Protein chains: 2
Amino acid sequence: MQTVTKRGRPPETDARQIARVALGLFARHGFDRVTMDDIAEAASVSRRTLFRLFPAKSDLVWDGLDDVRDFVRRRAAELGPAGLRAGGVLREFAEPFLRALEDPEAAALARQRLRLLAAAPALLAHPTLREIEAVIVTTLAPSEPGQAPPPLVVRTLIAGTFAALMWWAEHGDGMSALEATRAALRALADDRDPCA
Amino acid sequence: MQTVTKRGRPPETDARQIARVALGLFARHGFDRVTMDDIAEAASVSRRTLFRLFPAKSDLVWDGLDDVRDFVRRRAAELGPAGLRAGGVLREFAEPFLRALEDPEAAALARQRLRLLAAAPALLAHPTLREIEAVIVTTLAPSEPGQAPPPLVVRTLIAGTFAALMWWAEHGDGMSALEATRAALRALADDRDPCA
DNA sequence: TCCCTTTATGGCATCGAGTGCCAAAATGCA
DNA sequence: TGCATTTTGGCACTCGATGCCATAAAGGGA
């Protein structure tokens with residue numbers, strides 16, 4: 001995993017630090033009113049290097065998604081093909097993050113970031129999100145006739161979860177991210193009481 | 001409603017026709033490889049006029065969404081505050097369109113368009129989509145404590161529906177749009193059998 | 001008829017995101 | 001020292017998008 005010998009010129013830049021700078025600018029002035037030139041200057045990097053580190057402006061917001069993907073990979077490896085259903089996917093993969101948002105400070109930060117995501121919806125097509133999707137699919141039960149195939153379930157589940165989270169970021173004062181997500185997904189199934 | 005007297009210079013352009021031309025080009029060469037200049041030239045309009053008719057390139061794909069919004073408005077006006085739940089929303093607002101996609105030819109066209117949408121996900125933030133959202137909310141039951149508030153339900157429902165449809169457009173050979181959407185949303189609620 | 005208002009169109013300049021190409025810098029290795 | 005490797009930065013360019021303004025084409029009023 002580690003590069004034993006590091007040849008070539010060593011990096012002078014810190015992607016995480018640059019993303020932090022950008023997030024700060026976005027929070028202060030709004031996503032659209034901060035140009036890549038602004039960020040490059042604020043982070044003391046050339047415009048070209050900035051674009052090499054973050055191929056799209058939106059990647060600056062998504063920074064940290066790689067960590068999510070790594071967590072999901074580890075968790076999926078532990079679980080193996082566990083035959084999960086939607087509820088299990090939420091429990092195993094989403095709730096660890098949502099629980100961390102019970103902390104008010106973490107929640108405020110997350111809501112700020114999610115509001116940015118809502119403003120730049122191109123983010124929902126992010127390649128890393130598709131990777132995460134593919135990993136989660138491996139933990140689902142195999143497809144059964146008449147049931148939705150696992151990739152469809154996961155795709156829909158992720159979209160629904162993000163939609164709920166973005167709504168929560170904008171209008172969810174007084175409720176937790178976990179509550180909002182759970183309530184939203186539960187509501188989708190409610191035509192009327194399915195057990196009646 | 002109708003402009004009785006139409007003052008000013010009459011339009012020489014037909015937005016629908018231009019959108020059709022653009023759709024044709026997209027289908028032949030791909031969304032990204034068709035520039036706005038290409039479309040302007042193919043439709044014999046100036047670049048500036050093209051941008052006035054379609055403020056964003058993606059609007060060329062979304063052309064027709066206004067019709068959907070108008071349908072939703074009419075249907076919502078008929079229904080009034082009907083106290084709908086998620087299943088009812090699907091039944092009243094989505095199924096009329098999904099049923100039309102049972103026709104193979106219509107389905108092929110819709111899948112082509114949805115694939116374009118998936119490639120340009122900025123579309124999910126389209127203002128008209130938010131209008132539709134707001135109209136549908138008025139037909140839901142008022143918020144109850146412990147339940148997800150109606151705007152959250154509708155937001156999540158629309159996101160889930162579109163996610164399912166886009167998956168269907170790409171991978172849903174052999175199933176109908178209605179089947180895919182229903183199965184996907186049903187699966188979201190399935191942790192295990194809720195009635196057991 | 002002449003002007004005024006209204007609406008549609010087109011041209012021009014400019015901004016900002018994103019990309020390709022290439023040269024320079026900074027390291028390890030032979 | 002010379003070479004391969006990697007990072008960085010500069011430059012030019014494409015393309016989507018926007019603002020400004022001039023012009024064209026209609027109708028209405030004096």
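Given the structure is predicted, the values throughout are model-derived calculations rather than measurements. Letters A, B, ... mirror the listed sequences (proteins, then strands); counts begin at 1.
- Here B:Glu105 pairs with nothing under the salt bridge (charged side-chain N to carboxylate O under 4.0 Å, His left out) rule; sequence neighbours left out.
- Residues satisfying the salt bridge (charged side-chain N to carboxylate O under 4.0 Å, His left out) criterion with B:Arg99, sequence neighbours excluded, are B:Glu95.
- Annotation: ring pair (Phe, Tyr, Trp, His ring centres under 6.0 Å) contacts involving residues 128-149 of chain B, sequence neighbours excluded, are absent.
- Between B:Met36 and A:Pro10, the one whose closest nucleotide on DNA chain D sits nearer the 5' end is A:Pro10.
- Qualifying side-chain contact (heavy atoms from CB on, under 4.5 Å) partners for A:Arg74, counting only residues two or more places apart in sequence or in other chains: A:Asp70, A:Phe71.
- Annotation: A:Glu170, atom CD; neighbour count of heavy atoms from other residues, nucleotides and ligands within 6.0 Å is above 12.
- Residue pairs meeting the side-chain hydrogen bond (donor to acceptor under 3.5 Å, both in side chains) criterion with at least one partner in residues 15-26 of chain B, sequence neighbours excluded, are B:Arg16-B:Asp67, B:Gln17-B:Arg20.
- Read 5' to 3', the first and last nucleotides of DNA chain C with an atom closer than 4.0 Å to a heavy atom of chain B are C:dT5 to C:dC12.
- Rounded to a whole Å, the CZ atom of B:Arg33 is 13 Å from the P atom of D:dC15.
- The CG-P distance, from B:Leu60 to D:dG16, rounds to 11 Å in whole Å.
- For the pair B:Arg52 CZ and D:dT23 P, the computed distance is 16 Å after rounding to whole Å.
- Contacts classified as side-chain hydrogen bond (donor to acceptor under 3.5 Å, both in side chains) and involving residues 25-36 of chain B (residues at least two apart or in different chains) are given here: B:Thr35-B:Asp38.
- Considering only residues two or more places apart in sequence or on other chains, A:Arg48 meets the salt bridge (charged side-chain N to carboxylate O under 4.0 Å, His left out) condition with none of them.
- Annotation: salt bridge (charged side-chain N to carboxylate O under 4.0 Å, His left out) contacts of B:Glu102 (sequence neighbours excluded): none.
- The distance from the CG atom of B:Leu116 to the CZ atom of B:Phe31 is 7.0 Å, given to the nearest 0.5 Å.
- A heavy atom closer than 4.0 Å to some atom of DNA chain D occurs in A:Pro11, A:Glu12, A:Thr13, these being the qualifying members of residues 11-25 of chain A.
- Of all the residues in residues 42-50 of chain B, B:Val45, B:Ser46, B:Arg48, B:Thr49 reach under 4.0 Å from DNA chain C with at least one non-hydrogen atom.
- Residue A:Arg9 contributes atom CZ, which lies 16 Å from atom C1' of D:dA4 at whole-angstrom precision.
- The residue among A:Arg7 and A:Phe51 whose nearest nucleotide of DNA chain C is located toward the 5' end is A:Phe51.
- Applying the side-chain contact (heavy atoms from CB on, under 4.5 Å) test to A:Ala108 and every residue at least two apart in sequence or in another chain returns nothing.
- One can place NZ of A:Lys57 at 18 Å from P of D:dG16, the figure rounded to the nearest angstrom.
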